[in-house]
Amino acid sequence: MGLKEQLVRKGDYVWELPKNTVNGQKVPVIIYLSDALFELLEEDAIKQAANAATLRGVQKAIYVMPDVHVGYGFPVGGVMATDTETGIISPGSVGYDINCGVRLIATNLQSKDVAPKIKELMQEVLKNVPAGVGSTGDIRLSPSSMEEVLVKGAKWAVEHGYGLEEDLEHIESFGSLPNADPSKASHEAYERGSDELGTVGSGNHFVEVQMVEEIYDEEIAQKLGLHEGQVTIMVHSGSRGFGHQVCTDYLKVAVRVLPKYGIELPDPQLACMPFLSNEGQDYFKAMCAAANYAFANRQILGFKTANTVRRFLGLSWEEFGYRLIYDHAHNIAKIEEHRVGSKLKKVVVHRKGATRAFPPYNPEVPPAYREVGQPVIIPGDMGRASYLLVGQPDSMEKSFGTACHGAGRVMSRRAAKRLVKEQGLERVIAGLTVVARGKGTIMEEIPQAYKDVSEVVRVIHELGIAKMVARLKPLGTLKG
DNA sequence: ATGTGC
């Protein structure tokens, strides 16, 4: 019998694979889905979550978000917490793109200010913001300046003129993880990262000019400084080749030391090390360094895009009204304190394609947002919409303080290309303004290739994990 | 995701 058939329905949006369903499964797998999204759930994604539930020191449950799909070893949309003393850390459960994440910038502009000239504006963004596989930026980092980026994260970017000091307060972990140790990243990672800072990358990464299309909660929107018709800028990118190399390097290390630590795995892609081992600590410190690279990357991308739009419209900064709403990771592992049973416990929370969604009054939520909760930015596809939510109290018990991260693919890259070839690109993306160096990524990233992000977000809202605040509509998109 | 892959 397949695992999907063994899922037990626990509520309108809650499914459970009880512990011990697969051999050695220490905790249940809890999957959050609507009926429509249940239909799209892949057997292999359940298997991957169940595999993770066998790992050493895993706590409470593996949680799976409604935008789940199969990933490398651990599903995208998966959340795993392991005991900091007895548990493991797993590079595959963070993902190859360490600190892939999203940033949302508010402006004083109205959609009517940009909509009529959006094509010309996006051509200007294409000229100024490097995008695509292997694209390089205008920053060259010597090994010593690279070290500074890896330690300071977004702060490095602000010190070098990209953005404002006050931006840092509105970034997860203030844009800089304290456990970063640049010496734990390889020479190869340094090389790859030396010319890619301030570049978008490829795949689902993008820079987008948007408008606030609908407000769901007026009071919260007001506190966040958002209103209908307002122009926003969204950035979706990560740590580029640097993070990719860190993941590659430490997956090899993990595989090598499995026998030393007596770790047996249901899937070699789940290769991991005890968190407190030398190798586990090395990975953690290198991963934090890669996360800081990504924070710096998005800081530069967001500011460069804003500056391009501002100059195109001939506005002063004051008229433009640049303001960072928030920036957060959705591929990361962090040490956090969570309630497990009756006591608080320090755990390593792995979020892979999953966003931290801390509730109001959590000390990690910046003062300006303390009463509304941590902003949760959910990018959709380039055709439909993206969402802004805020973390709610139930997230702590239901998912280690975690929400979804996006729409999630429903069509393979190959199938998407086939559809475009059959129907023609003009027809498939009719009415959208998308710019890119080539057509390849656009073909793979058509809206039809994605699940409906509204349905994903609705599940998170209904569960009380995060609350819907606003829907953002793409005006123009830059893809890799 | 990725100096993209059988």
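The shown structure was predicted, so the numbers you read here are calculated from the model rather than taken from an experiment.
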Participant: Given that A:V133 and A:Y96 both sit by DNA chain B, which one's nearest nucleotide is further toward the 5' end?
Facilitator: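 Here A:Y96 is the residue nearer the 5' end.
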Participant: If you look only at pairs with a residue in residues 404-444 of chain A, which of them pass as a ring pair (Phe, Tyr, Trp, His ring centres under 6.0 Å), with sequence neighbours excluded?
Facilitator: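 For residues 404-444 of chain A, and leaving out neighbouring residues, the ring pair (Phe, Tyr, Trp, His ring centres under 6.0 Å) pairs sorted by first residue read A:H330-A:H405.
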Participant: Base, sugar-phosphate alone, or nothing: which one does A:T248 contact when heavy atoms must sit under 4.0 Å apart?
Facilitator: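 Nothing, no nucleic acid heavy atom in range.
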Participant: Could you list the donor-acceptor pairs under 3.5 angstrom formed between side-chain atoms of residues 414-437 of chain A and any protein atom two or more places apart in sequence or on another chain?
Facilitator:
{"residue": "A:K417", "atom": "NZ", "partner": "A:E444", "partner atom": "OE2", "Å": "3.1"}
{"residue": "A:R437", "atom": "NE", "partner": "A:A131", "partner atom": "O", "Å": "3.3"}

Participant: Please give, in whole Å, the distance from B:dT2 P to A:E445 CD?
Facilitator: 11 Å
Participant: Under 4.0 Å between a side-chain nitrogen and a carboxylate oxygen: does that hold for A:R409 and A:E445?
Facilitator: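 Between A:E445 and A:R409 there is a salt bridge, with a charged N closer than 4.0 Å to a carboxylate O.
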Participant: Out of A:I89, A:V255, A:I263, A:L251, which one pairs with A:C272 under the side chain to side chain contact (heavy atoms under 4.5 Å, CB included) rule?
Facilitator: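 Passing option: A:I263.
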Participant: Please report the distance, rounded to the nearest Å, between NZ in A:K439 and P in B:dT4.
Facilitator: 23 Å
Participant: What contact category does A:G95 fall into here, base, sugar-phosphate, or nothing, at under 4.0 angstrom with non-hydrogen atoms?
Facilitator: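 No contact at all - A:G95 keeps every heavy atom at 4.0 Å or more from the nucleic acid.
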Participant: Measure NZ/A:K417 against P/B:dT4 and give the value in whole Å, please.
Facilitator: 13 Å
Participant: Under 4.0 angstrom, heavy atoms only, what part of the nucleic acid is A:E196 near: base, sugar-phosphate, or nothing?
Facilitator: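 Sugar-phosphate only.
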Participant: Could you check how far CE of A:M443 sits from C1' of B:dT4, rounded to whole Å?
Facilitator: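 Atom CE in A:M443 sits about 15 Å away from atom C1' in B:dT4.
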Participant: Answer with base, sugar-phosphate or nothing: what part of the nucleic acid does A:G241 contact at a heavy-atom distance below 4.0 Å?
Facilitator: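 If one applies the 4.0 Å heavy-atom cut-off, A:G241 turns out to touch the sugar-phosphate alone, with no base involved.
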Participant: Please state how far atom CG in A:D195 lies from atom C1' in B:dT2, giving the value in whole angstrom units.
Facilitator: 14 Å
Participant: Please report, rounded to the nearest Å, how far the P atom of B:dT4 is from the CZ atom of A:R414.
Facilitator: 18 Å
Participant: Can you check the A:E444 CD to B:dG5 P distance for me, whole Å?
Facilitator: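 Those two atoms, CD and P, are 12 Å apart.
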Participant: Considering heavy-atom distances to DNA chain B, does A:H205 or A:T441 have its closest nucleotide positioned more toward the 5' end?
Facilitator: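 First, find each residue's nearest nucleotide; the 5'-ward one identifies A:H205.
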Participant: What is the distance from CZ of A:R240 to P of B:dT2, rounded to the nearest Å?
Facilitator: 5 Å
Participant: Heavy atoms only, 4.0 Å cut-off, all strands: where does A:G243 land among base, sugar-phosphate and nothing?
Facilitator: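 If one applies the 4.0 Å heavy-atom cut-off, A:G243 turns out to touch nothing in the nucleic acid.
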Participant: Applying a 4.0 Å non-hydrogen cut-off, can you work out what A:R413 is touching in the nucleic acid: base, sugar-phosphate, or nothing?
Facilitator: sugar-phosphate
Participant: Any side-chain heavy atom of A:V309 within less than 4.5 Å of one from A:L121?
Facilitator: yes
